[in-house]
Amino acid sequence: MKIASVIVDVPAKQTDKTFDYLIPQRLENVVVPGVRVNVPFGPRNIQGFVTGIKTESDFKKLKEIVEPLDLTPVLNKELLTLGDWLTEHTLCYKISAFQVMLPAALKAKYEKKVILPDDRKRNELEEEIQTLFNGATEIGWQEVVDNNLVALLKKESDRGLVEVVYQVKDRLRKKRLKHIKATLNRSELQVEIDCLTPQAKGQKVVLEYFLENHDDQVDMRTLLSATGASQATVKTLVKKGLLSEKYIEVYRDPYGEREFAHHEPLPLTNAQEQVITPILSSIEDDRHEVFLLYGVTGSGKTEIYLQSIQRVLNKGEEAIVLVPEISLTPQMVKRFKERFGDLVAVMHSGLSAGEKYDEWRKIQRREVKVVVGARSAIFAPFENLGIIIIDEEHETSYKQEENPRYHARDVAIQRASTHGCPVVLGSATPSLESFARAQKGVYTLLNLPKRMNEQPLPTVDIVDMREELREGNRSMFSRNLFEKLQDRLEKGEQTVLFLNKRGHSSFVMCRDCGFVVNCPNCEITLTYHRFQDLMKCHYCGHEEKVPTTCPECTSEHIRYFGTGTQKVEEELTKLLPEARVIRMDVDTTGRKGSHEKLLNAFQEGEADILLGTQMIAKGLDFPNITLVGVLSADTMLHLPDFRSSEKTFQLLTQVSGRAGRHELPGEVVVQTYTPEHYSIELAGPQDYDRFYNQEMMARKVHKYPPFYYLSLVTVSHEELMKAVSVTEKITRFISSRLSSEAVILGPVASPIPRIKNRYRYQCLIKYKKEPELRTSLKSILDHYQQETASGSLQISMDLNPYILM
DNA sequence: AGCACGCCGACT
DNA sequence: GTCGGCGTGCTC
């Protein structure tokens, strides 16, 4: 008797263990570790993952597996083990770990229905229930609830007239296209064509098409567009038996309509040769090693990636390339597709659930060898990984900010060590953590200090905006920047203007008393949206109208303030009416593909100025950009986050890298109210080493990473007192279990003290070595299990948090 | 997470 | 005496 151990789809403490099920004889060869199954669980049926097969169980009354949901496992052995690792390292449930490794399309959808097991007994039903069914044999459970008939239905169910059933469904199906084929041979076809009545023109064209392309089967869409016939015409021919139709599984290919010219490897420079040699030897020896590829923008890191991957492919192995979501641009994808063609799968959030699922299936079916994708691509189900590359290693988007709170870099290193293959972390501004590890020799440091074309770095002017104000310039453009803007316009060169992300940009303030409108639920400043003339909360979506008078002092001088991209755009058109501006922010790039369209337009020279947020800081590589302006470098610097200096430095460096990448020299203007800050000062000459030393000193003094590890516990509750008292208890408990070396900060209100009407308190633990910490944190979760399950209390734990707000 | 079971207050 | 409130505990 075969028994399956199953992790069921119930994310809760009590169910975070395997449940045993009998495997029916007929399913013995299908139900293997890694397949999803439909199992009875209590009164309902739910999805589960088979994690192991055994022959005995401690449990007496085992139920049988209802049906498998896969014919081949969706998780291989390595990923099953990786799931355990994830659970352990992020304190998440097993089921969440498995689900995060798979495309969302594979997540189960549950349907609760009521059916009539015996249609003939329909008349015996109570009148109201009969009306509800209204002739149908099944109805959704929700309808019963909506009509307040649950109690009545229960009676009918006890009488055996109706039955409540639970269905487990995949969220999505494979896409299938109708394909048409001729059933007759050529001469027979010809006969049929001749027999057609003269008015059957459409049929004639279709048949002639098959006469020409006889052996092919063709999908409906192509056939219709090739012949100009209608669907009805084809259907008639199928009915006549002259054609046959069948469904063939196809991939939704987001890049399917594009042609990619093949590109050969480029010759490497000496510097590149030196850097790639140790990577290649690690590949050859199947040796796990982590490389930190530290190379300035434009130093040719991508070519290193491409040629390393080529070596991996030559060995018959596979590669994962992680790229931050925002730089996963078509340009980036193109470089990989041009080199490796159809062997590349692309995964990013712009794809629909179906497209993601299809890309994933290409990997699962061994049809591709390289995956280029954002964070979650790290779980690509390859079996012979030969290399993992993480580009822009310092990017915070590699950290998932919801459960399971994993960092793709950690997962990469974990996977690479089981596969015995190298990890390459690439960046022009490495995270302090990684650079420190390289300094210590944990990672191997590879250096590409020069730009490929020996282009000098752009000159950077740092403009003190306080000075501008003192001189009477109240505009958002300094005189320096404005002059340069005009100059570029005259020369027909392009400018990129960079503004920090929205939310910090535009808010409503009373000019008389300084009152700022906050969200009633979240206590953060409401963002003003000019387009709808509304104020919105960034966190909970709360909206309200702009007050006409100040609620504090009744002054009428209350209006929006600060600089959003829209406002900059307005001022630009006022000051430089002849300038053509493209604005890129969340509002203008919301729709799929609009991001690309705007960039293309800019590349084609359809605009002089590209104005945008974060998203334009990366990957832009257009020859005609000779000026980059950063409108306010401070916004990021003053965020309540110990990494804000690092982020500011990285951002400024990154943005400066956009200028003058080709023949024309570049200039950068950075506007700031704190020009003396080292992260701004050193970003100008792109002096990473000095920045690193300065910032390391600060981190050491304040006991932050990389000198200390962090863990963050956040408690939220609708009642302030409850949130505080629980956080206090937790803090006391943790400190009793820590060594004297550790530091615990808190309880304090979270930087955002209230979200969606819940008060948030937190404590932050700084430590060097606390082997017992994870166990302690787990026991806290256990202790509050009941209260968290009911939803009144929320406790989130982040081992190694990236956002401390 | 659901869902059943079970033990206390306000109704026919 | 019963309906129904939601606290408690189980699901292979």
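Letters A, B, ... mirror the listed sequences (proteins, then strands); counts begin at 1.
- Under the side-chain hydrogen bond (donor to acceptor under 3.5 Å, both in side chains) criterion, A:R366 pairs with no residue, sequence neighbours left out.
- Within a 6.0 Å radius of CG in A:D58, other residues, nucleotides and ligands contribute 12 heavy atoms or fewer.
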Residue pair A:E359, A:E355: steps toward the side chain to side chain contact (heavy atoms under 4.5 Å, CB included) verdict
CA-CA 6 Å; A:E359 294 296 298; A:E355 288 168 339; 5.6 Å; no

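- Between chain A and DNA chain B, the heavy-atom contact criterion of under 4.0 Å yields a 5' to 3' nucleotide range of B:dA1 to B:dC3.
- Counting only residues at least two apart or in different chains, salt bridge (charged side-chain N to carboxylate O under 4.0 Å, His left out) contacts with residues 787-803 of chain A comprise A:K399-A:D798, A:R405-A:D798, A:K722-A:E787.
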Step by step, would you call A:K54 with A:S5 a side chain to side chain contact (heavy atoms under 4.5 Å, CB included)?
CA-CA 8 Å; A:K54 52 188 182 179; A:S5 302; 3.5 Å; yes

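- When A:N76, A:T81, A:L80 are each tested for a side-chain contact (heavy atoms from CB on, under 4.5 Å) with A:E78, only one passes: A:N76.
- Between the CG atom of A:D58 and the P atom of C:dC12 there is a distance of 16 Å, rounded to whole Å.
- Within residues 61-68 of chain A, the residues approaching DNA chain C are A:K61, A:L62, A:K63, by heavy-atom distance under 4.0 Å.
- When the P atom of C:dG9 is taken as reference, atom CG of A:D782 falls 15 Å away, rounded to whole Å.
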Let me have the donor-acceptor pairs involving side chains of residues 134-142 of chain A, under 3.5 Å, with sequence neighbours excluded, atom names and distances please.
from: A:E138; atom 1: OE2; to: A:K113; atom 2: NZ; distance (Å): 2.8
from: A:Q142; atom 1: NE2; to: A:D146; atom 2: OD1; distance (Å): 3.1

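- Contacts of residues 25-34 of chain A with DNA chain C (heavy atom under 4.0 Å): none.
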Under the side chain to side chain contact (heavy atoms under 4.5 Å, CB included) rule, what do A:T72 and A:Q364 come out as? Steps first, then yes or no, please.
CA-CA 10 Å; A:T72 48; A:Q364 199 204 16; 4.0 Å; yes

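- The main-chain N or O of A:G42 is found under 3.5 Å from a side-chain atom of A:K63 such that the two form a donor-acceptor pair.
- Counting only residues at least two apart or on different chains, the ring pair (Phe, Tyr, Trp, His ring centres under 6.0 Å) pairs with a member in residues 46-73 of chain A are A:F49-A:F98.
- For A:M1 and C:dC12, the CE to P distance is 17 Å, given to the nearest whole Å.
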Tabulate protein N/O versus nucleotide N/O from nucleotides 6-8 of chain C, keeping only pairs under 3.5 Å, one per line.
none

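- For residues 9-33 of chain A, the ring pair (Phe, Tyr, Trp, His ring centres under 6.0 Å) pairs, not counting sequence neighbours, are A:F19-A:F41.
- When the side chain to side chain contact (heavy atoms under 4.5 Å, CB included) test is applied to A:A416, the partners found at least two apart in sequence or on another chain are A:H288, A:I388, A:C421, A:V423.
- Against DNA chain C, the stretch residues 6-21 of chain A makes heavy-atom approaches under 4.0 Å through A:Q14, A:T15, A:K17, A:F19, A:D20, A:Y21.
- Few gaps surround CZ on A:F133; more than 12 heavy atoms of other groups in view lie less than 6.0 Å from it.
- Judged as a ring-ring contact (aromatic ring centres under 6.0 Å, His included), and not counting sequence neighbours, the contacts of A:Y802 are A:H407.
- We find that CG of A:N45 is positioned 10 Å from P of C:dC12, with the value rounded to whole Å.
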Any chance you could lay out the side chain to side chain contact (heavy atoms under 4.5 Å, CB included) test for A:I780 and A:I734, step after step, and finish with the verdict?
CA-CA 9 Å; A:I780 292 170; A:I734 295 174; 3.7 Å; yes

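- A:Y93 comes within 4.0 angstrom of no nucleic acid atom, judged by non-hydrogen atoms across all strands.
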